[in-house]
Every structure is written in structure tokens, then in C-alpha cells.
Amino acid sequence: MDHTKKQLVEQFNEAASVYDRQRRKLIPCFDDFYQIAVSLTDEGSDAPSILDLGAGTGLFSAFMLQKHPRAKLTLVDLSGSMLEVARTRFSGVPNVTYIVGDYTTWEYREKYDIVISSLSIHHLADAEKQKVYRTAYALLNENGLFINADQVLGSTLALEERYKQDWRCKVESSGLSAAEISSAYERTKLDRMSTLEEQLVWLKQAGFSDVDCIYKYFNFVVMAGWKKDMEK
């Protein structure tokens, strides 16, 4: 595990107990961000198998489960402490698998109908992001869907600075304590964000069809792509 990932594990293990409570205050567009992502999934899918990359406390998976109560969930995360929170969240829920590991290198043994990720892939270097997109494509069943709800880098320095200023202004008026804000700022030092434009290209290069940014709020975005049988 490289140094950056070790730092990520340390910081997210430390933040695990308060992570969910802070989400709405650290994600100004919280409701739209997750609801629009979940709305992309097929109503007709009775019991989809869902892989959550960088699942953390299972927040994104929980929203997916509200729409698909019979879903089979697989949650992967580097932080064992974050997944312990997820275990509590899904206590009594059948068909949930937890993997403490690096989703960029994990050897998966099955395929999935939906692969999701939220606020995780932006911690990866560009080459790793591209690898994850190729892996997600390979792991999907035909007509499968990949959703990445994440943060992106502004396409210009001026835009990036505007995004940062907007987020800081909203976080500092959110009611979080000075210590909580400081901790959140510290975690951003480990970000390795890429632009939206780059990532849409990488998703297409990985093989995805109908690739698009479905939602955007400053640097918070929901990207999606479908795996289709191109021979039909």
C-alpha cells in the first residue's frame, strides 16, 4: 500500500464515528447528489447485485437499498473502521458482503448488475482512475450500469478556485465545529482530483456507452455509463 493510501486509512479510520453525521454539512448538494445517482438505476430490477467501491460507511449503498430492498450488496473499502459502521447500518440486512481491501487491486470473483462509487475515486492517481473504470466495465453484466458520484477538478485554475471558495464558505457556515472543519480540510490534502472532461473520456475508453455527467454542482458530479452488447 502506498503512502497516500496509508494516510487515507488513518484519516478515515479516525473520522468513521462522525462521518455520516457530517455528510450533509460537507456536501452542500447532499440530497440531489445521492437521489439523482440512485434515480439512474432501473425500477424493473428486482434484486440487483451491487458492488460499492470505496463504500465507507455504506451511505450510497443504503440509498440504493431503499430503492432495491432485495439487492445483494458488496462493499469494498480500505478502512476497516468505516466498514464497521456499515456493518451496524446493515445489521439484519441479508446478502451484504464486506471486503476490507484495496478496490483497485482486489481480485473479484463474480460480476455485478450495478457498480457504484461515491467520493472515493478522486483519491486515486489518474492511471488508477482509468484502471478502475476498466475494471468496473469488466465486472458488469450486460446492460450493467456504473455510477461515480464524486468530486472533480475545475477545468481551469479560475474555476477550481471558485469551487474551493464556494465549498469553504458553505462548510464554514454549516455549524460544524472548528475542529471538524480543520479535519475536513486536512482530508482534502489527499485529494488527487481530475477534470470531469478527462474522466468522461476515460469512461468511454474503458468501453462504456451513453457516458454522461448526469448532475453537476460546482465540483460535485454524478457520472454514469452503461455496458451494452455492441454486437446487437
Colleague: Just checking, is any N or O donor in the side chain of Ser79 or Asp77 under 3.5 Å from an acceptor N or O on the other one?
Modeller: no
Colleague: Under the 3.5 angstrom rule, does the side chain of Ser39 hit a backbone N or O of Ile36 as a donor-acceptor pair?
Modeller: yes
Colleague: Taking Leu200 as the starting point, is it possible to reach Leu153 by hopping between hydrophobic residues whose side chains are less than 4.5 Å apart?
Modeller: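 No; Leu200 is not reachable from Leu153 via cluster members.
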Colleague: How long is the span from the CG atom in Asn143 to the CD1 atom in Ile114, to the nearest 0.5 Å?
Modeller: 12.0 Å
Colleague: Could you state the interatomic distance from CG (Leu75) to CZ (Arg89), rounded to the nearest 0.5 Å?
Modeller: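 It comes to 9.5 Å.
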Colleague: Any Lys/Arg nitrogen of Lys72 or Asp113 sitting under 4.0 Å from an Asp/Glu carboxylate oxygen of the other?
Modeller: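 Salt bridge flag = no for Asp113 with Lys72.
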Colleague: When rounded to the nearest 0.5 angstrom, what is the spacing between OG in Ser209 and CG in Leu203?
Modeller: 11.0 Å
Colleague: Can a donor-acceptor pair be found, under 3.5 Å and without considering hydrogens, that links the side chain of Lys227 to the backbone of Leu140?
Modeller: yes
Colleague: Out of curiosity, Ile121 CD1 to Asn148 CG, how far, rounded to the nearest 0.5 Å?
Modeller: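 Separation between the atoms: 4.0 Å.
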Colleague: For the hydrophobic clusters of this structure (ILVMFWY residues joined by side-chain heavy atoms under 4.5 Å, transitively), does one cluster hold both Val85 and Met64?
Modeller: no
Colleague: Without hydrogens or angle criteria, can the side chains of Ser120 and Tyr103 be said to hold a donor-acceptor pair below 3.5 Å?
Modeller: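 Short answer, yes.
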Colleague: Considering non-hydrogen atoms only, spot the tightest contact between Ile147 and Ala37 and give its length.
Modeller: CD1-O, 3.3 Å
Colleague: So which atom in Ser49 and which in Asn141 form the shortest heavy-atom distance, rounded to 0.1 Å?
Modeller: OG-ND2, 4.4 Å
Colleague: Knowing that exactly one of Lys170, Arg162, Lys164 qualifies, which makes a salt bridge (Lys or Arg N to Asp or Glu O under 4.0 Å) with Asp166?
Modeller: Lys170
Colleague: Below 4.5 Å, heavy atoms only, C-beta onward: do Val152 and Met193 meet side chain to side chain?
Modeller: no
Colleague: When you compare the side chain of Thr41 with that of Leu145, does any pair of heavy atoms fall below 4.5 Å?
Modeller: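 The answer is yes, as the side chains (C-beta and beyond) meet within the 4.5 Å cut-off.
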Colleague: Between the main-chain N or O of Ala206 and the side-chain N or O of Lys204, is there a donor-acceptor pair closer than 3.5 Å?
Modeller: no
Colleague: Tell me whether Leu139 is reachable from Met223 by hopping between hydrophobic residues (I, L, V, M, F, W, Y) whose side-chain heavy atoms are closer than 4.5 Å.
Modeller: yes
Colleague: Verify the ring-centre separation between Phe208 and Tyr137: is it less than 6.0 angstrom?
Modeller: yes
Colleague: Indicate yes or no: does Asp20 engage Arg23 in a salt bridge with an N to O separation below 4.0 Å.
Modeller: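 Result for this pair is no, no salt bridge flagged.
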Colleague: Taking it one step at a time, do Trp167 and Tyr217 satisfy ring-ring contact (aromatic ring centres under 6.0 Å, His included)?
Modeller: CA-CA 10 Å; Trp167 182 70; Tyr217 178 97; over 10 Å; no
Colleague: How long is the straight-line distance from CD of Gln22 back to OG of Ser177, given to the nearest 0.5 Å?
Modeller: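 That separation rounds to 7.5 Å.
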Colleague: Identify the heavy atoms of Phe220 and Pro28 that sit nearest to each other, and give their distance.
Modeller: CE1-CD, 4.0 Å
Colleague: If you group Ile, Leu, Val, Met, Phe, Trp and Tyr by side-chain heavy-atom gaps below 4.5 Å, do Tyr98 and Val9 land in one group?
Modeller: no
Colleague: Classify the side-chain pair Tyr215/Gln35 by whether it contains a donor and acceptor separated by less than 3.5 Å.
Modeller: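 Gln35 and Tyr215 do not have a side-chain donor-acceptor pair below 3.5 Å.
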Colleague: Spell out, as yes or no, whether a donor-acceptor pair under 3.5 Å connects the side chain of Ser91 to the backbone of Thr88.
Modeller: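 The answer is no, because no donor-acceptor pair under 3.5 Å joins these two groups.
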Colleague: Between atom CD of Gln165 and atom CD of Glu160, what is the distance when rounded to the nearest 0.5 Å?
Modeller: 10.5 Å
Colleague: Please tell me whether Phe30 and Tyr34 form a close aromatic pair, meaning their ring centres lie under 6.0 Å apart.
Modeller: yes
Colleague: Does Arg192, at its CZ atom, have more than 12 non-hydrogen atoms belonging to other residues, nucleotides or ligands within less than 6.0 Å?
Modeller: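 Counting other residues, nucleotides and ligands, CZ of Arg192 exceeds 12 neighbours.
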Colleague: Partners of Ala47 by side-chain contact (heavy atoms from CB on, under 4.5 Å), sequence neighbours excluded?
Modeller: Arg70
Colleague: Of all residues at least two apart in sequence or in a different chain, which pass the side-chain contact (heavy atoms from CB on, under 4.5 Å) check with Leu190?
Modeller: Thr4, Gln7, Leu8, Gln11
Colleague: Mind checking whether Leu59 and Ile27 sit in one hydrophobic cluster, side chains of I, L, V, M, F, W, Y counted as touching below 4.5 Å?
Modeller: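 Yes; Ile27 is reachable from Leu59 via cluster members.
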Colleague: For the side chain of Ser173 and the backbone of Cys169, is there at least one donor-acceptor N/O pair under 3.5 Å apart?
Modeller: yes
Colleague: Kindly indicate whether the side chain of Glu180, heavy atoms from C-beta on, has any atom under 4.5 Å from the side chain of Leu26.
Modeller: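 Not touching, per the 4.5 Å side-chain cut-off.
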Colleague: I'd like to know if Glu128 and Lys131 make a salt bridge, using a cut-off of under 4.0 Å between side-chain N and carboxylate O.
Modeller: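 No salt bridge links Glu128 with Lys131.
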Colleague: Sub-3.5 Å donor-acceptor pair from the side chain of Lys129 to the main-chain atoms of Leu124, do we have one?
Modeller: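 Between the backbone of Leu124 and the side chain of Lys129 there is a qualifying donor-acceptor contact (under 3.5 Å).
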Colleague: Is a donor from one side chain sitting under 3.5 angstrom from an acceptor on the other, for Gln205 and Tyr133?
Modeller: no
Colleague: So does His122 get a backbone contact from the side chain of Gln151, meaning a donor-acceptor N/O pair under 3.5 Å?
Modeller: no
Colleague: Please find the pair of heavy atoms, one from Thr195 and one from Gly154, that lie closest to each other, and give the distance.
Modeller: CG2-O, 3.9 Å
Colleague: Provide the closest heavy-atom pair for Val221 versus Cys213 in the form atom of the first, atom of the second, distance.
Modeller: CB-SG, 4.1 Å
Colleague: If only atom types and distance count, is the side chain of Ser117 paired as donor or acceptor with the main-chain N or O of Leu53 below 3.5 Å?
Modeller: yes
